[in-house]
Amino acid sequence: MTQQFASDNYAGTCPEALKYFLEANASGHELAYGEDRWTTQVCNQLRELFQTDCEVFFVFNGTAANSLALASLCQSYHSVLCHELAHIETDECGGPEFFSNGSKLLVGKGENGKLTPQIIDALVTKRSDVHYPRPKVVSITQSTEVGTVYTVEELRAIAAMAKRHHLKIHMDGARFANAVASLNVHPSEITWRAGVDVLCFGGTKNGLPIGEAVIFFNKALAEDFAYRVKQSGQLASKMRFISAPWLGLLENNIWLKNAQHANHMAQLLHERIKALPQIKIMFPPQANAVFAELPLPIIQGLRAKGWHFYQFIGEGGCRFMCAWDTEPATVEALAADMALLCQQG
Ligand SMILES: *Cc1c(COP(=O)(O)O)cnc(C)c1O
């Protein structure tokens with residue numbers, strides 16, 4: 001299949017990650033369930049990357065990472081504050097509620113897919129009686145579901161409000177790398193140094209074959225997390241095949257380079273299409289996605305030409321997502337097709 005823009009998980013495994021996958025395979029027998037040296041090495045390298053002692057776990061996918069992380073922060077009568085477009089709300093089939101035995105998600109509406117301290121304050125102070133699920137966690141997605149990025153200042157302001165209300169902070173970092181690349185900051189600046197307690201660091205969309213890291217900066221919260229991972233069927237017995245590929249991402253900062261490339265491709269697409277008369281860009285493209293409102297005939301024309309992209313936000317909203325391997329020529333071809341359809345329309 002030719003390159004597409006539906007999701008960054010359409011892309012395969014980057015060569016650096018694949019190299020370590022094969023090395024881990026060629027190294028003979030290994031201890032199981034994460035006791036192996038590859039897993040130990042990756043955990044240590046992640047601690048070095050974040051410049052702090054943290055607890056690291058590996059799971060198969062982002063839904064499990066988010067759901068189990070949130071479950072570890074909540075009792076069943078607690079609530080999680082998140083944006084109405086948050087993946088945990090719209091795309092995890094109730095996983096966070098299921099794994100937390102009923103913790104409720106309370107959603108806020110914020111511009112550009114982001115929560116603000118005011119929204120958090122309003123959700124918390126709305127009620128204080130026992131009939132309302134007690135707010136316990138703020139969940140933020142970085143980069144967001146609409147391809148925007150929280151700045152360091154925005155995160156710090158959210159953390160200050162969270163602290164005031166004794167809330168923990170969870171970060172859905174399915175596209176964390178893209179946010180770091182976009183902001184050009186040290187990864188610690190938008191995580192524990194900004195008050196984040198637990199980060200779900202996405203590997204899959206960044207170029208791994210499979211797997212996400214759950215990183216507890218607040219180590220006390222990781223107590224018993226290993227049991228949650230096992231109980232939910234997320235503990236890989238041949239853990240090295242999930243962990244070792246991370247070495248390929250971490251060596252020479254490939255994770256960042258992959259994200260920078262994907263972000264650049266989104267910028268290129270934005271440059272090419274932003275001036276087309278029938279196209280309205282919906283959100284500032286700060287990471288690896290471009291969201292655009294297109295007239296129906298143009299959407300149909302693009303689909304007829306074989307392009308894949310998602311339409312899940314509002315009427316006519318199209319998401320074009322770039323990956324670590326998206327080629328400039330693919331972006332140019334899509335942009336050219338859009339321009340042509342605009343002319344014909
Ligand atoms: C892709 C994604 C996830 C993880 O999804 P899985 O399909 O469960 O791996 C989580 N959050 C966001 C914002 C995502 O885009």
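Order of appearance sets the numbers: ligands from 1, and atoms from 1 within every ligand.
A salt bridge is defined here as a Lys NZ or Arg NE, NH1 or NH2 lying under 4.0 Å from an Asp or Glu carboxylate O, and Glu271 with Lys274 meets this definition.
The contact shell of ligand 1, taken as protein residues with any non-hydrogen atom closer than 4.0 angstrom, comprises Asn61, Gly62, Thr63, Asn66, His87, Glu92, Thr141, Glu145, Asp172, Ala174, Arg175, Lys205.
For Trp307, the side-chain hydrogen bond (donor to acceptor under 3.5 Å, both in side chains) criterion is met by Asp337, not counting sequence neighbours. Listed by chain and number, the residues in a side-chain contact (heavy atoms from CB on, under 4.5 Å) with Glu35 are Leu31 (sequence neighbours excluded). By the side-chain contact (heavy atoms from CB on, under 4.5 Å) test, Ala71 is found to be paired with Phe99, Ser100, Arg228, residues two or more places apart in sequence or in another chain being considered.
Asp121 and His165 are linked by a side-chain donor-acceptor pair at a separation below 3.5 angstrom, with hydrogens and angles left out of the test.
Using cut-offs of 30° and 60° on the angle between ring planes, the pair Phe216 and Phe225 is perpendicular.
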